[in-house]
Trainee: 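Just passing along the structure, written as structure tokens.
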Amino acid sequence: MTLRFYDTASAEVRDFVPLEDGKASVYYCGATVQGMPHVGHVRSAIAFDQLTRWLEFRGLRVTVVRNVTDIDDKILAKSAQSFGLDWDAEPSARQAEEWWALAYRYEQEFENAYESLGVQRPTYEPRATGHIPEMHALIQRLIDRGHAYPALDDSGDVYFDVRSWSKYGSLTRQNIDDMQGAPDADPRGKRDPRDFALWKGFKDGEPVTAKWESPWGAGRPGWHLECSAMVTKYLGPRFDIHGGGLDLRFPHHENEMAQSQAAGDEFANFWMHNGMVTYEGEKMSKSIGNTVSPAEMLELASPRVVRYYLGQAHYRSILDYRPTSLQEAAAAVERIDGFIHKASAKVGTAASDVSPQANMPAAFIAAMDDDLNVPQALGVLHETVRAGNTALAGGDLESAKTALYSVLSMTEVLGLDSVKRQEAVQGREHAALEVLIEAQLEARAAARANKDWAASDAIRDTLAAAGVVVEDGADGASWSLKRD
């Protein structure tokens with residue numbers, strides 16, 4: 001096995017050798033649940049789901065941790081808006097929502113989005129609020145090692161001393177003196193404006209439910225500290241891969257790496273970051289109105305098409321959204337499904353016969369082993385579909401069967417089959433529709449055989465009015481639902 005991944009810390013593609021034979025450990029940053037999931041969240045989840053599936057295909061037992069940040073300044077601010085910024089206001093069922101209720105509600109929205117798009121559940125999905133003792137222990141280790149200190153203004157904050165750690169800035173290759181100050185707390189309590197908060201002291205006007213007692217005073221954890229405490233609890237002081245969106249490299253991942261290594265943990269062996277999603281070449285921004293959400297995408301296309309689109313680019317590249325993007329993805333998925341449907345009808349498939357290990361093309365394996373090169377792997381998939389269609393047209397059923405099993409193996413490892421199965425479970429009406437349409441097509445075939453063209457045309461027109469497109473070919477009629 002020669003797996004190679006790009007490591008952000010070393011800025012090079014390196015051979016991936018698991019720290020423990022036969023196993024792999026992956027942590028990637030989940031959501032700060034202060035609002036609905038955006039397309040960047042979902043692209044990241046799909047990218048690391050593809051990584052997980054490929055590591056599993058390569059024979060590794062993978063432990064995946066994806067955190068939930070359920071206490072954060074943004075969550076408190078969003079909740080405060082529902083109270084009119086007055087936490088002492090009488091709660092109203094119509095307009096007020098406690099911060100923890102808001103966080104849980106949006107957490108479920110994220111889970112629904114992940115499930116809809118076939119993202120496998122992680123092995124562990126810890127919430128920040130459930131790991132306060134681990135955070136206290138990490139802070140104390142940093143203080144004991146001389147890398148953290150209580151705030152100088154008696155606010156109850158505790159800060160990481162960035163100048164005490166000579167490697168600070170190494171992940172993003174920055175010089176400390178060129179960095180801006182950390183905006184997470186009033187700088188008057190800091191030795192250096194760039195020092196970041198490990199613990200935030202409770203302040204008047206904040207909800208009393210959002211504070212925990214600590215040796216430094218009541219308060220809540222800093223964002224960066226949360227991830228370091230959770231990942232080491234579940235994966236230990238050294239693990240294989242830490243991932244997340246490119247926007248998290250600084251300050252979040254830089255600070256995570258610094259505080260963890262300063263505390264004595266080796267931390268991540270690889271850092272992997274997925275690229276952003278743009279809208280016609282520009283950064284998505286609510287202020288200029290060029291955003292598209294996962295929910296909006298799912299209104300325009302099926303979950304399988306949305307997953308294909310969000311997972312088709314190389315994970316490190318920018319994925320650019322255009323109004324035609326989902327239509328193009330739908331056309332690609334239809335080509336795959338069209339071949340699977342036709343080939344299955346001709347040669348049949350048995351689940352026990354379709355083995356990804358046995359049927360995966362060598363070129364697909366080489367592409368995925370090379371820093372998860374999904375675009376190149378999809379090229380192999382579509383070439384196999386074309387070869388399979390050629391074999392069907394020529395009556396070469398053995399070659400068509402080989403192509404079919406390869407296509408099924410590739411779609412499985414890319415996670416496209418899981419969405420397809422989910423769609424089938426969620427839409428049993430499609431199976432009933434297929435039976436009815438096939439009966440109509442059989443009646444139409446009989447009418448054509450009897451040269452009853454009027455009856456044949458009437459059946460075709462009835463199906464067309466219902467949004468069913470009928471296409472006649474050498475092997476008989478096939479059908480599909482008309483696309484909007």
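In what follows, residues are counted from 1 in the order of the sequence shown. Being a predicted model, the structure only gives us computed values, none of them experimental.
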Trainee: Side chain to side chain donor-acceptor pair (under 3.5 Å) with Asp21: which residues, sequence neighbours excluded?
Mentor: none

Trainee: Does any part of the side chain of Pro126, heavy atoms only, come nearer than 4.5 Å to the side chain of Arg66, both counted from C-beta?
Mentor: no

Trainee: Would you indicate whether Trp212, at its atom CH2, is surrounded by more than 12 heavy atoms from other residues, nucleotides or ligands within a distance under 6.0 Å?
Mentor: yes

Trainee: Please enumerate all residues that pass side-chain contact (heavy atoms from CB on, under 4.5 Å) together with Leu19, with sequence neighbours excluded.
Mentor: Arg238, Asp240, Asn269

Trainee: Would you please classify the geometry between the His382 ring and the Tyr308 ring as parallel, tilted or perpendicular, with 30° and 60° separating the classes?
Mentor: perpendicular

Trainee: Just checking, Arg14 and Phe270: is the charged tip under 6.0 Å from the six-membered ring centre and within 45° of the axis?
Mentor: yes

Trainee: Using 30° and 60° as the class limits, which term best fits the ring planes of Phe239 and Phe267: parallel, tilted or perpendicular?
Mentor: perpendicular

Trainee: Can you list the residues that meet the side chain to side chain donor-acceptor pair (under 3.5 Å) rule with Asn255, with sequence neighbours excluded?
Mentor: Tyr168, His224

Trainee: Check Phe48 against Gly244 and note the closest heavy-atom contact, atom names and distance.
Mentor: CZ-N, 3.3 Å

Trainee: On a heavy-atom basis, which atom in Ile132 and which in Thr129 lie closest, and how many Å separate them?
Mentor: CG1-O, 3.8 Å

Trainee: My understanding is that only residues two or more places apart in sequence, or in another chain, count here; which of them pass salt bridge (Lys or Arg N to Asp or Glu O under 4.0 Å) with Asp73?
Mentor: Lys200, Arg220

Trainee: Strictly by salt bridge (Lys or Arg N to Asp or Glu O under 4.0 Å), give each pair with a member in residues 269-278 just once, sequence neighbours left out.
Mentor: none

Trainee: For Arg145, what residues pass the side chain to side chain donor-acceptor pair (under 3.5 Å) criterion, not counting sequence neighbours?
Mentor: none

Trainee: With sequence neighbours left out, write down each residue that passes ring-ring contact (aromatic ring centres under 6.0 Å, His included) with Tyr149, or none if nothing qualifies.
Mentor: Tyr159

Trainee: Under the side-chain contact (heavy atoms from CB on, under 4.5 Å) rule, collect the residues that match up with Lys283, sequence neighbours excluded.
Mentor: none

Trainee: Kindly state each residue pair satisfying salt bridge (Lys or Arg N to Asp or Glu O under 4.0 Å) with at least one member in residues 43-52, sequence neighbours excluded.
Mentor: Asp49-Arg53, Asp49-Arg307

Trainee: With sequence neighbours excluded, what pairs up with Glu134 under the salt bridge (Lys or Arg N to Asp or Glu O under 4.0 Å) test?
Mentor: Lys233

Trainee: For Glu213, what residues pass the side-chain contact (heavy atoms from CB on, under 4.5 Å) criterion, not counting sequence neighbours?
Mentor: Ala218

Trainee: Just say parallel, tilted or perpendicular for the rings of Trp54 and Phe57, cut-offs at 30° and 60°.
Mentor: parallel

Trainee: Of all residues at least two apart in sequence or in a different chain, which pass the side chain to side chain donor-acceptor pair (under 3.5 Å) check with Asp177?
Mentor: Arg163

Trainee: To the closest 0.5 Å, what do you measure between CG (Leu171) and NE2 (His273)?
Mentor: 6.0 Å

Trainee: To the closest 0.5 Å, what do you measure between NE2 (His131) and OG1 (Thr232)?
Mentor: 9.5 Å

Trainee: Let me confirm one number: the CG-CD1 distance from Leu310 to Ile46, rounded to the nearest 0.5 Å.
Mentor: 4.5 Å

